[in-house]
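Take a look at the structure below.
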Amino acid sequence: MKKQTRICYLFVVLFLLQVILTIKIWWSQGLVLPLIVFPGMSFFFLLYLRYLLGYNLKQSPSEPLFVLRRSGLGTGLNPQNPLGYKLSLLLVMGVLVLLFCLTLLVFLGK
């Protein structure tokens, strides 16, 4: 099994735990906001993580770190640059762990 698949499965398990905790929060405390926001955002970032892990274009250090976005305004990290790819992965994984921890704190809060 590839390392990328294991990472994706780990975050899928965290997502499912987050959904279970959110349903328990909703039943016990009646909070609706975590039921909608935290798993929804986690699902979006989980899909983006899956996209990044499946990304296999040629990477080159000569590629710029930041590139103009295809849609919208501004710049974004370039996954064709090795540092940009690693920073993108760390950012997405960090957001997923943060959302899981926030759900866990809400569950343990009351």
Side-chain angles (χ1 to χ4, degrees):
M1 184 180 293
K2 293 194 312 187
K3 185 178 181 181
Q4 291 90 352
T5 308
R6 289 183 191 147
I7 291 171
C8 195
Y9 285 153
L10 171 73
F11 282 102
V12 166
V13 168
L14 280 179
F15 173 71
L16 292 175
L17 284 173
Q18 185 177 17
V19 168
I20 290 169
L21 285 175
T22 305
I23 290 171
K24 286 187 174 193
I25 291 168
W26 178 64
W27 273 338
S28 66
Q29 300 171 7
L31 296 173
V32 178
L33 186 65
L35 181 66
I36 299 167
V37 174
F38 293 151
M41 289 174 49
S42 293
F43 184 69
F44 170 77
F45 282 104
L46 187 65
L47 290 178
Y48 190 69
L49 177 68
R50 188 171 163 225
Y51 163 75
L52 281 176
L53 290 175
Y55 193 83
N56 58 1
L57 289 177
K58 303 271 188 217
Q59 292 184 349
S60 168
S62 63
E63 290 286 331
L65 181 60
F66 293 101
V67 292
L68 292 175
R69 295 181 58 185
R70 290 185 206 165
S71 61
L73 299 173
T75 60
L77 285 171
N78 185 7
Q80 290 182 348
N81 184 318
L83 180 62
Y85 179 75
K86 291 174 186 171
L87 286 174
S88 296
L89 279 177
L90 286 175
L91 183 70
V92 169
M93 287 182 196
V95 167
L96 284 170
V97 169
L98 177 72
L99 287 170
F100 178 75
C101 290
L102 285 174
T103 304
L104 195 59
L105 285 175
V106 170
F107 181 69
L108 298 175
K110 289 188 178 181

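Keep in mind that what you see is a predicted model, and the values were worked out from it rather than measured. Heavy-atom basis, side chains included; hydrogens, waters and symmetry copies ignored.
Within the 4.5 Å cutoff, the side chain of Phe107 has no heavy atoms near those of the Thr22 side chain. Counting only heavy atoms from C-beta outward, the side chains of Leu49 and Leu96 approach each other to under 4.5 Å. At a threshold of 4.5 Å between non-hydrogen side-chain atoms, the residues Met93 and Ile7 count as touching.
Side-chain rings of Tyr48 and Phe45 stay apart, their centers remaining 6.0 Å or farther from each other.
Checked against side-chain contact (heavy atoms from CB on, under 4.5 Å), Phe44 has no partners two or more places apart in sequence or in another chain. Here Leu77 pairs with Leu65, Phe66, Leu87, Ser88 under the side-chain contact (heavy atoms from CB on, under 4.5 Å) rule; sequence neighbours left out.
By the rule that hydrophobic residues join a cluster once side-chain heavy atoms approach within less than 4.5 Å of another member, Leu21 and Leu108 end up as members of one cluster. Leu91 and Leu47 fall into different hydrophobic clusters, defined by Ile, Leu, Val, Met, Phe, Trp and Tyr side-chain heavy atoms under 4.5 Å apart, directly or through other members. In the hydrophobic clustering of ILVMFWY residues, with side-chain heavy atoms under 4.5 Å counting as a link, Leu90 and Phe100 come out apart. Hydrophobic clustering (ILVMFWY, side-chain heavy atoms < 4.5 Å, transitive): Leu17 and Val92 are in one cluster. Put simply, Phe11 and Ile20 are part of two different groups of oily side chains (I, L, V, M, F, W, Y) that touch within less than 4.5 Å, one to the next.
Nearest heavy-atom pair, Ser42 versus Phe15, reported as atom, atom and distance to 0.1 Å: CB-CD1, 3.8 Å. Shown here for Val19 and Pro39, the closest heavy-atom pair between the two residues is CG2-CB, 4.1 Å. For Leu99 against Gln18, the heavy-atom pair with the smallest separation is O-NE2, 3.3 Å.
A distance of 9.5 Å separates CG in Leu98 from OG1 in Thr103, rounded to the nearest 0.5 Å. Between the CG atom in Leu46 and the OH atom in Tyr51 there is a gap of 15.5 Å [rounded to 0.5 Å]. Separating the CG atom in Asn81 from the NZ atom in Lys86 is a distance of 9.5 Å, to the nearest 0.5 Å.
Under the 3.5 Å distance criterion, the side-chain polar atoms of Asn78 are matched with a main-chain donor or acceptor of Pro64.
Within the structure, the side-chain hydrogen bond (donor to acceptor under 3.5 Å, both in side chains) test picks out the following pairs touching residues 60-73 (sequence neighbours left out): Ser60-Ser62.
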